[in-house]
Visitor: 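One structure follows; several queries about it will come next.
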Amino acid sequence: MSDLTVSSPVASAVPPLPVAPPPGCPFGLPAGLDALRAEAPLSRVSLDDGSEAWLVTSHAEARAVLGDHRRFSSVPATPGFPTSGMVGGSTTDTNIVSLGFIRMDPPEHTRLRRMLTGEFMVRRVEALRPRIEELAEGLCDAMERAGRPVDLVSAMALPLPSSVIGLLLGIPEEDHPRFRDITARMNSRECSPAELAGVLNELAAYLDELVTAKEHDPGEDLLSRLVVEQVRSGELSRHELLAIAAVLLIGGFETTANMIGLSALTLMRDPETAERLRQDPALIRGAVEELLRLHSIIRNGPRRAVTEDVEIGGRRLRAGEGVIIAIPAVNRDPREFGNPDVLDIGRPNAARHVAFGFGVHQCVGQTLARVELQIAVATLLRRFPTMRPAVPLEQLPFRVDMTIYGLHALPVTW
């Protein structure tokens, strides 16, 4: 979180908090977070715009905040909401992302989320597993045909989840490069406010075209079902549908893509664990939870505004103050996860991570993301048992310039 600097006496010696691990330590915790947590579960920090907020670095306190939608609001217009450095807009924006249901509180959030819950039920997602496995096998076939070395990010990590979200939303395959480019530019920390506004307008225009096509010729995809079942009945406005589509599109592949790349690299650097997973694929589900915990690639939130005075972690939070959850620190809290910096695919409580959030705003697509990661890991381990990085670790381009951590490229050979 490069937009945060410590301002409290409790941690006055801690340096600015980066969005990614320091150079030479790509799998480590962003600098300063361990020290902050050791001092207190919540610390006051200063944002780039001069405002201040509470930074939560401990597991129990993070779940307390995220699980309390009554006293902690997700609406950016709420007084005290920490908007500095936030992707997708601030309190004055009315763009397609800022109006999405992830930035709403109940009951409006509940109304819109309920329309999607059935689409991501375990049963429905599991029904997609054979198709996702087929996509993964096809991508591996293409890697073999291309020959060594291959960039695993462009060959597998990006196209697999983008194909899946495209299938789910009914996005033509020829449009996939377009929405990948839009989301990449949106998530760049180098994107200026003016550039971000342009990217969001571009996204809105594209989704407007897509929804118009569904209105005229609905298919079997999620957007078509929402048009037919919700928009035409008046339960959902067209603008609400566009905002839902934006949230699903942005969240539906970028995070999963980066987890695929980091997971593959982690296992290539840990051949003993990789071999255990090859010998016993039943361990892969637990391994995915542990990889999600270890990497915690969301480095810029989630964020809340305090709406009512409350005590959390021994700190008195006042109405009108902002709160930011440091997901990487929370998921490496030694009070919750013993030896937290070590990959342990047998960790019994790994699934208690908050990589997908917690409470009413927990990621609606987490079941789909888990299945995609399970399939990607299993397929790569089986198809390429000798896969290894084609360049030294220090030459890999980690996404230190993005709000979602990962790899820009991962050259591999086998």
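Residues: numbered from 1 along the sequence shown. Below, all heavy atoms of this structure are taken into account, side chains as well, without hydrogens, waters or symmetry copies.
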Visitor: With sequence neighbours left out, which residue pairs that include part of residues 120-139 fulfil the ring pair (Phe, Tyr, Trp, His ring centres under 6.0 Å) condition?
Guide: none

Visitor: Heavy-atom distance under 4.5 Å between the side chains of E144 and R383, does that happen here?
Guide: yes

Visitor: Any Lys/Arg nitrogen of D34 or R332 sitting under 4.0 Å from an Asp/Glu carboxylate oxygen of the other?
Guide: no

Visitor: Any cation-pi pair here, R113 with F101, using under 6.0 Å and within 45°?
Guide: no

Visitor: Under the ring pair (Phe, Tyr, Trp, His ring centres under 6.0 Å) definition, can you give me all pairs with a residue in residues 132-156, not counting sequence neighbours?
Guide: none

Visitor: With a 4.0 Å cut-off, would you call R37 and E61 a salt bridge?
Guide: no

Visitor: Does NZ or CZ of R178 fall inside the cone over Y206's six-membered ring, less than 6.0 Å from its centre and within 45° of the axis?
Guide: no

Visitor: Assess whether side-chain hydrogen bond (donor to acceptor under 3.5 Å, both in side chains) is satisfied between R370 and Q366, documenting all intermediate values.
Guide: CA-CA 6 Å; R370 285 183 164 102; Q366 62 181 289; 2.6 Å; yes

Visitor: Among I182, L203, I244, L223, which one satisfies side chain to side chain contact (heavy atoms under 4.5 Å, CB included) with L249?
Guide: L203

Visitor: Would you indicate whether R316, at its atom CZ, is surrounded by more than 12 heavy atoms from other residues, nucleotides or ligands within a distance under 6.0 Å?
Guide: yes

Visitor: Where do T78 and T307 land on the side chain to side chain contact (heavy atoms under 4.5 Å, CB included) test, with the steps shown first?
Guide: CA-CA 8 Å; T78 306; T307 60; 4.0 Å; yes

Visitor: Any side-chain heavy atom of V364 within less than 4.5 Å of one from L248?
Guide: yes

Visitor: With respect to P302, which candidate in V323, V56, V65, I327 satisfies the side chain to side chain contact (heavy atoms under 4.5 Å, CB included) definition?
Guide: I327

Visitor: Which pairs pass ring pair (Phe, Tyr, Trp, His ring centres under 6.0 Å) with one or both residues in residues 159-180, sequence neighbours excluded?
Guide: H176-F179, F179-F253

Visitor: Report yes if some heavy atom in the side chain of R335 is under 4.5 Å from a heavy atom in the side chain of H59; otherwise report no.
Guide: no

Visitor: Output, in order, the C-alpha distance, side-chain angles, deciding distance and verdict of side-chain hydrogen bond (donor to acceptor under 3.5 Å, both in side chains) for R238 and T212.
Guide: CA-CA 10 Å; R238 195 174 192 279; T212 297; 2.7 Å; yes

Visitor: Restricting to salt bridge (charged side-chain N to carboxylate O under 4.0 Å, His left out), what partner residues turn up for D175, sequence neighbours left out?
Guide: none

Visitor: About how many Å separate CD of E290 and CG of N349, when rounded to the nearest 0.5 Å?
Guide: 8.5 Å

Visitor: Salt bridge check, E254 against R399: does any charged N sit closer than 4.0 Å to a carboxylate O?
Guide: yes

Visitor: Could you go step by step and tell me if D68 and R304 meet the salt bridge (Lys or Arg N to Asp or Glu O under 4.0 Å) rule?
Guide: CA-CA 10 Å; D68 186 350; R304 300 289 187 267; over 6 Å; no

Visitor: Assess whether a salt bridge exists between R185 and D181, defined as any Lys/Arg side-chain N lying under 4.0 Å from an Asp/Glu carboxylate O.
Guide: yes

Visitor: Does Q395 have more than 12 heavy atoms from other residues, nucleotides or ligands lying within 6.0 Å of its CD?
Guide: yes

Visitor: In Å, rounded to the nearest 0.5 Å, how long is the span from CG of L291 to OG of S296?
Guide: 10.5 Å

Visitor: Considering only heavy atoms from C-beta outward, does the side chain of N331 approach that of V354 to under 4.5 Å?
Guide: yes

Visitor: Looking at CG of L292 and OG of S263, how far apart are the two atoms once the value is rounded to the nearest 0.5 Å?
Guide: 7.0 Å

Visitor: Rounded to the nearest 0.5 Å, how far does CZ of F398 lie from CG of N258?
Guide: 11.0 Å

Visitor: Tell me every residue that passes salt bridge (charged side-chain N to carboxylate O under 4.0 Å, His left out) with R148, counting only those two or more places apart in sequence or in another chain.
Guide: none

Visitor: Under the side chain to side chain donor-acceptor pair (under 3.5 Å) test, which residues partner R382, sequence neighbours left out?
Guide: E137

Visitor: State which residues pass ring-ring contact (aromatic ring centres under 6.0 Å, His included) with H361; sequence neighbours excluded, sorted by chain then number.
Guide: H109

Visitor: Please list all pairs passing the side-chain hydrogen bond (donor to acceptor under 3.5 Å, both in side chains) test where one or both residues lie in residues 161-174, with sequence neighbours left out.
Guide: S162-R180

Visitor: If you count every heavy atom of other residues, nucleotides or ligands that lies below 6.0 Å from R124 atom CZ, does the total exceed 12?
Guide: yes

Visitor: Charged N to carboxylate O below 4.0 Å: is that the case for E108 and R111?
Guide: yes

Visitor: Side-chain atoms of residues 152-160: list all donor-acceptor pairs with protein atoms under 3.5 Å, sequence neighbours left out, distances to 0.1 Å.
Guide:
residue : atom : partner : partner atom : Å
S154    : OG   : D151    : O            : 3.3
S154    : OG   : D151    : OD2          : 3.0

Visitor: Below 4.5 Å, heavy atoms only, C-beta onward: do M115 and E240 meet side chain to side chain?
Guide: no

Visitor: What's the separation between atom CD1 in I165 and atom CD1 in I250, rounded to the nearest 0.5 Å?
Guide: 11.0 Å

Visitor: Enter the distance from L343:CG to L267:CG here, rounded to the nearest 0.5 Å.
Guide: 6.5 Å

Visitor: Can you run down the ring pair (Phe, Tyr, Trp, His ring centres under 6.0 Å) pairs that involve residues 151-171, sequence neighbours left out, and say none if there aren't any?
Guide: none

Visitor: Hey, does V164 have a side-chain heavy atom less than 4.5 Å from the side chain of L168?
Guide: no

Visitor: Residues in side chain to side chain donor-acceptor pair (under 3.5 Å) with H353, at least two apart?
Guide: E289

Visitor: Do R225 and E119 have side chains that get closer than 4.5 Å, going by heavy atoms?
Guide: yes

Visitor: How would you list, by chain and number, every residue that makes a side chain to side chain donor-acceptor pair (under 3.5 Å) with E321, sequence neighbours excluded?
Guide: W54

